[in-house]
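Presented below is the structure to which this report refers.
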Amino acid sequence: ARARGLVPAPPPPRTFGNASLDAALFGPTPATRVVLVLVVAVSALAMILPPEALQLRLAKDNEAIRAGEWWRLLTAGLVHGGAFHLFMNGMVLANLGAFVERLLGARRMLLVLWGGVLAGSLASFYTNPSRSVGISGGLFALVGALLAVGLRHRRGLPPPMRRMLVRAPIEIIVLNLALGLAIPIIDNSAHVGGLVAGFLLGLVVRVHPAVGRTLHPGPDGAPPA
């Protein structure tokens, strides 16, 4: 049927400009799936139950944090302000988290993600008196880490990968910060806090060994094929 033009040809496989890099960035992402299931389950339960049962117990609440409920700095990432908020963050987490997990490894991805949630909540705590929820600070941390890794390894990256790790994060950052400034209910301080934390972590964490082997020149000075 395909030879007769009745069935379209499948799209060409995605490539980052290096066969070894393509292979290294393909594989399962169990940590991202676990986090996604956890966030969706807790957020959905919080929406079903009365707000005081779960939502208000996990949200970033400055007065409660001052009273000693410090865990809210992390649990705020488990609940969301509505179905659309959850859907958007879940989609970003599923795609961006999976890519960062393949790039850095599961443990380092989790460090960046939840380090970003913590940093975002702290930034919000000091600058925003309103209650806030969502894993957006962690998602911005993932973007910041991508940019840092891209800048660190830019000389060893093939052009398609360089665009993904340098140009694309900058575009995402500018667009989303502008959106945050335009919509007052968005906690921009949490986004900035997560972004800064992710960028700093991205400057020091190692990439996944399988990825690292593709980013350094071979003995003849050329990148590995």
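Atoms considered below: every heavy atom in the structure, side chains included; atoms not considered: hydrogens, waters and symmetry mates.
Transitive grouping of hydrophobic side chains (ILVMFWY, heavy atoms separated by less than 4.5 Å) brings Leu203 and Ile173 into a common cluster. Under the 4.5 Å side-chain heavy-atom criterion for Ile, Leu, Val, Met, Phe, Trp and Tyr, Leu45 and Leu38 are members of the same hydrophobic cluster. In the hydrophobic clustering of this structure, Ile135 does not group with Met91; members are Ile, Leu, Val, Met, Phe, Trp, Tyr whose side-chain heavy atoms approach within less than 4.5 Å, directly or through other members. Cluster membership check: Tyr126 shares its hydrophobic cluster with Leu195, using side-chain heavy-atom separations under 4.5 Å among Ile, Leu, Val, Met, Phe, Trp and Tyr. Leu56 and Leu49 end up in different hydrophobic clusters when Ile, Leu, Val, Met, Phe, Trp and Tyr side chains are linked at under 4.5 Å.
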With side-chain contact (heavy atoms from CB on, under 4.5 Å) as the criterion, how do Val112 and Val100 come out once you've worked through the C-alpha distance, each side chain's angles and the decisive distance to 0.1 Å? CA-CA 9 Å; Val112 171; Val100 176; 5.5 Å; no
Apply side-chain contact (heavy atoms from CB on, under 4.5 Å) to residues Val79 and Met47 and explain how you reach the verdict. CA-CA 9 Å; Val79 288; Met47 293 176 201; over 6 Å; no
Full working for side-chain contact (heavy atoms from CB on, under 4.5 Å) between Leu73 and Val117: CA-CA 7 Å; Leu73 296 170; Val117 172; over 6 Å; no
Yes or no on side-chain contact (heavy atoms from CB on, under 4.5 Å) for Phe99 and Leu165, after CA distance, side-chain angles and deciding distance? CA-CA 11 Å; Phe99 181 73; Leu165 293 185; 3.8 Å; yes
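Sequence neighbours left out, not one pair with a member in residues 41-76 passes ring-ring contact (aromatic ring centres under 6.0 Å, His included).
The distance from atom CG of Leu177 to atom NE2 of His191, rounded to the nearest 0.5 Å, is 8.5 Å. Separating the CZ atom in Arg206 from the CG atom in Leu104 is a distance of 10.5 Å, to the nearest 0.5 Å. Considering OG1 of Thr75 and CG of Asp61, their distance stands at 10.5 Å, rounded to 0.5 Å. Leu201 contributes atom CG, which lies 11.0 Å from atom CG of Leu113 (distance to the nearest 0.5 angstrom). Between the CD atom of Gln55 and the CG atom of Leu78 there is a distance of 11.0 Å, given to the nearest 0.5 Å. Interatomic distance, CG of Leu146 versus CG of Leu96, reported as 5.5 Å (0.5 Å rounding).
At least one donor-acceptor pair closer than 3.5 Å links the side chain of Asn62 to the backbone N or O of Asn128. With Ser43 contributing its side chain and Val40 its backbone, the two residues share no donor-acceptor pair below 3.5 Å. In this structure, the side chain of Arg33 does not engage the main chain of Pro30 through any donor-acceptor pair within 3.5 Å. A donor-acceptor pair under 3.5 Å is formed between the side chain of Arg72 and the backbone N or O of Ala59. Without hydrogens or angle criteria, Glu101 side chain to Met109 main chain gives no donor-acceptor distance under 3.5 Å. Counting only distance, with no hydrogens or angles, the side chain of Arg108 and the backbone of Leu103 share no donor-acceptor pair below 3.5 Å. For the pair Arg162 (side chain) and Gly150 (backbone), a donor-acceptor distance under 3.5 Å is absent.
The two residues Ala168 and Met164 have their closest heavy-atom pair at CB-O, 3.5 Å. For the pair Ala197 and Gly115, the tightest heavy-atom approach, listed with the atom from each and the gap, is CB-O, 4.2 Å. Scanning all heavy atoms of the two residues, the minimum distance from Ala119 to Gly193 falls at CB-O, 3.6 Å. The heavy-atom pair separating Pro169 from Leu147 by the smallest distance is CB-CB, 4.0 Å. Counting all heavy atoms, side chain and backbone alike, Phe199 lies closest to Ala148 at O-CB, 3.3 Å. Between Val207 and His153, the closest heavy-atom pair is CG1-NE2, 4.0 Å.
A perpendicular orientation is assigned to the rings of His80 and His85, their planes being inclined by more than 60° (bins at 30° and 60°).
A donor atom on one side chain and an acceptor atom on the other are not found under 3.5 Å apart for Ser121 and Lys60. Between the side chains of Ser136 and Asn89, a donor-acceptor pair is found at a separation under 3.5 Å. Judged by distance alone, the side chains of Asp187 and Ser124 do bring a donor and an acceptor atom under 3.5 Å apart.
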